[in-house]
There are 2 protein chains.
Amino acid sequence: MDRRQEILEAAAKSFSLFGYKATTMDQVAKIANVGKGTIYTFFSNKEELFNAIVLKLINEMRAEADAVAIEGAPFEQNAHARLMRMLKFRETHQLYAKLIDEEKELRTPAVSEVLQAIENEIVSYVKEKIEKAIAKGELKPCDTELVAYLLFKAYLSLVADWGKTHDVELAEERIVALLSGTIFKSLLL
Amino acid sequence: MDRRQEILEAAAKSFSLFGYKATTMDQVAKIANVGKGTIYTFFSNKEELFNAIVLKLINEMRAEADAVAIEGAPFEQNAHARLMRMLKFRETHQLYAKLIDEEKELRTPAVSEVLQAIENEIVSYVKEKIEKAIAKGELKPCDTELVAYLLFKAYLSLVADWGKTHDVELAEERIVALLSGTIFKSLLL
DNA sequence: ATATGACCGTTTGAGGAAAATGGTCAACCA
DNA sequence: TGGTTGACCATTTTCCTCAAACGGTCATAT
């Protein structure tokens, strides 16, 4: 059995269940059926082990975002589907949800850093898709970094923030109607 | 001398300097040259005194936002100036800045509530301006509540969040260029 | 060569005493 | 007698302490 893999799986399980702070290296070692010292032959410390797990999370999210896109479909439709899927990940993915909760409740610095890294990854992913659409001649050239940032923040606000201050969650059609008529329309060539 | 006014000024001073939690009723009484009991003849508790102070803050912000608008100028120009001014208030206004800091550091519930109320006030203010512009025939009819929310969140992200993850603050012209070409353009009739 | 867990220095948090705080109200004027 | 006050009260917050728990190491075992 690949010891490194055992450790990764044990860590993923523990981080997902208990969060970063409440996961102990002894615990991971026990779950992985491995001596504690062994973990340190593969990962130099707890934070690096954590980062390795989060890297997996990012790849899974990317894969799902790619999966919902339809080859040949308009930019708006794919961008919407991708962003919605990535934002749903915040509730869907056990580790992601746990980390968001820990960030809110405990403000664990390592968790804040990692959540920021995930958001940066999303923005850079969106930026990449915008650039491809521009190259294809579907969108007009623009400040891609800033447009990607705006799109992400807009979706995040509408999907994750709106519900906190209103007693009903925003319907997806209302989001589409809003952004289709505003941001997306103006990006078209 | 109006005792109620003395108390309000003392409270404003103390909340601005020390924040909500670190301000004590004994302190306010001392600054106001008033017995502690007197405060309770005008305000039923600390939180209501706080709310009265914040109401003043909201009115000042509204006044400044109105002051930067130019009669007859296009919606985009005035909306931009108004939102920028209200967001600058977060650094400019001593009490506002202190409360934002306290919310981040201490998470005082009374402060979170009040900050949320201020944001609601801003959104509702923006919504009102959008509705006026629609009535004037300058903008096309739209989901005003949602557009106001989007505009506020977009500005908040660009002005207040961008700097946290990038080493340079966003230049105002870059914000104008982005939003003028995207959201604002699509609102025009 | 690789894996291990007893061990180390540091951090954390439970527990409890002491100080401080928000709010009350009987006494006190003007 | 209506308005003001600060001593007072119950509760919360702060501070301190110390034992338990933690991340990380390394001599030893395999």
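Letters A, B, ... are given to chains in the order of the sequence lines, protein chains preceding strands, and every chain is numbered from 1. Given the structure is predicted, the values throughout are model-derived calculations rather than measurements.
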Atom-pair distance ([atom1] on [X]; [atom2] on [N]), nearest Å:
X	N	atom1	atom2	value
A:Y40	D:dA27	OH	P	17 Å
A:F42	D:dG24	CZ	C1'	17 Å
B:K30	C:dT21	NZ	C1'	14 Å
B:Q27	C:dG22	CD	C1'	14 Å

Can you name the ring pair (Phe, Tyr, Trp, His ring centres under 6.0 Å) partners of [X], sequence neighbours left out?
X	value
B:F15	B:Y20, B:F50
A:Y155	A:H80
A:F89	A:H93

- Query: By a strict heavy-atom criterion of less than 4.0 Å, which residues belonging to residues 43-50 of chain B are in contact with DNA chain C?
  - Reply: B:N45, B:K46
- Message: Do the side chains of A:K104 and A:D101 get close enough for a salt bridge, i.e. N-O under 4.0 angstrom?
- Response: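 No, A:K104 and A:D101 are not salt-bridged.
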Please table the atom pairs, donor to acceptor, closer than 3.5 Å between any side-chain atom in residues 179-188 of chain B and protein atoms at least two apart or in another chain.
{"from": "B:S180", "atom 1": "OG", "to": "B:E76", "atom 2": "OE1", "distance (Å)": "3.3"}
{"from": "B:S180", "atom 1": "OG", "to": "B:E76", "atom 2": "OE2", "distance (Å)": "2.8"}
{"from": "B:T182", "atom 1": "OG1", "to": "B:L178", "atom 2": "O", "distance (Å)": "2.8"}
{"from": "B:S186", "atom 1": "OG", "to": "B:T182", "atom 2": "O", "distance (Å)": "3.4"}
{"from": "B:S186", "atom 1": "OG", "to": "B:I183", "atom 2": "O", "distance (Å)": "2.7"}

- Message: I want to verify a distance call: between C:dA6, C:dT4, C:dG22, whose nearest atom is closest to the A:K36 side chain?
- Response: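 Looking only at side-chain atoms, A:K36 lies closest to C:dA6.
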- Closest-nucleotide 5' rank along DNA chain D - winner of A:G37 and B:G35: B:G35
- With sequence neighbours left out, what residues match A:D26 under salt bridge (charged side-chain N to carboxylate O under 4.0 Å, His left out)? A:K36
Donor-acceptor pairs are to be reported for all side-chain atoms of residues 139-147 of chain B against protein atoms at under 3.5 Å, with residues two or more places apart or in another chain.
{"from": "B:D143", "atom 1": "OD1", "to": "A:R174", "atom 2": "NH2", "distance (Å)": "3.3"}
{"from": "B:D143", "atom 1": "OD1", "to": "B:L146", "atom 2": "N", "distance (Å)": "3.4"}
{"from": "B:D143", "atom 1": "OD2", "to": "A:R174", "atom 2": "NE", "distance (Å)": "2.7"}
{"from": "B:D143", "atom 1": "OD2", "to": "A:R174", "atom 2": "NH2", "distance (Å)": "3.3"}
{"from": "B:T144", "atom 1": "OG1", "to": "B:E131", "atom 2": "OE2", "distance (Å)": "3.2"}
{"from": "B:E145", "atom 1": "OE1", "to": "B:K127", "atom 2": "NZ", "distance (Å)": "3.3"}

Pairs of donor and acceptor atoms involving the side chains of residues 62-72 of chain A, under 3.5 Å and at least two apart or interchain, shall be tabulated with distances.
{"from": "A:R62", "atom 1": "NH1", "to": "A:E121", "atom 2": "OE2", "distance (Å)": "3.1"}
{"from": "A:R62", "atom 1": "NH2", "to": "A:E128", "atom 2": "OE1", "distance (Å)": "3.0"}
{"from": "A:E64", "atom 1": "OE1", "to": "A:R85", "atom 2": "NE", "distance (Å)": "2.8"}
{"from": "A:D66", "atom 1": "OD1", "to": "A:Y125", "atom 2": "OH", "distance (Å)": "2.7"}

- Contacting residues from residues 3-26 of chain A, given that a heavy atom lies under 4.0 angstrom of DNA chain D: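 Residues of residues 3-26 of chain A under 4.0 Å from DNA chain D: A:T23, A:T24, A:M25.
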- N or O in side chain of A:T41 less than 4.0 angstrom from C:dT2 OP1/OP2: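 Checking A:T41 against C:dT2: no side-chain N or O falls below 4.0 Å of OP1 or OP2.
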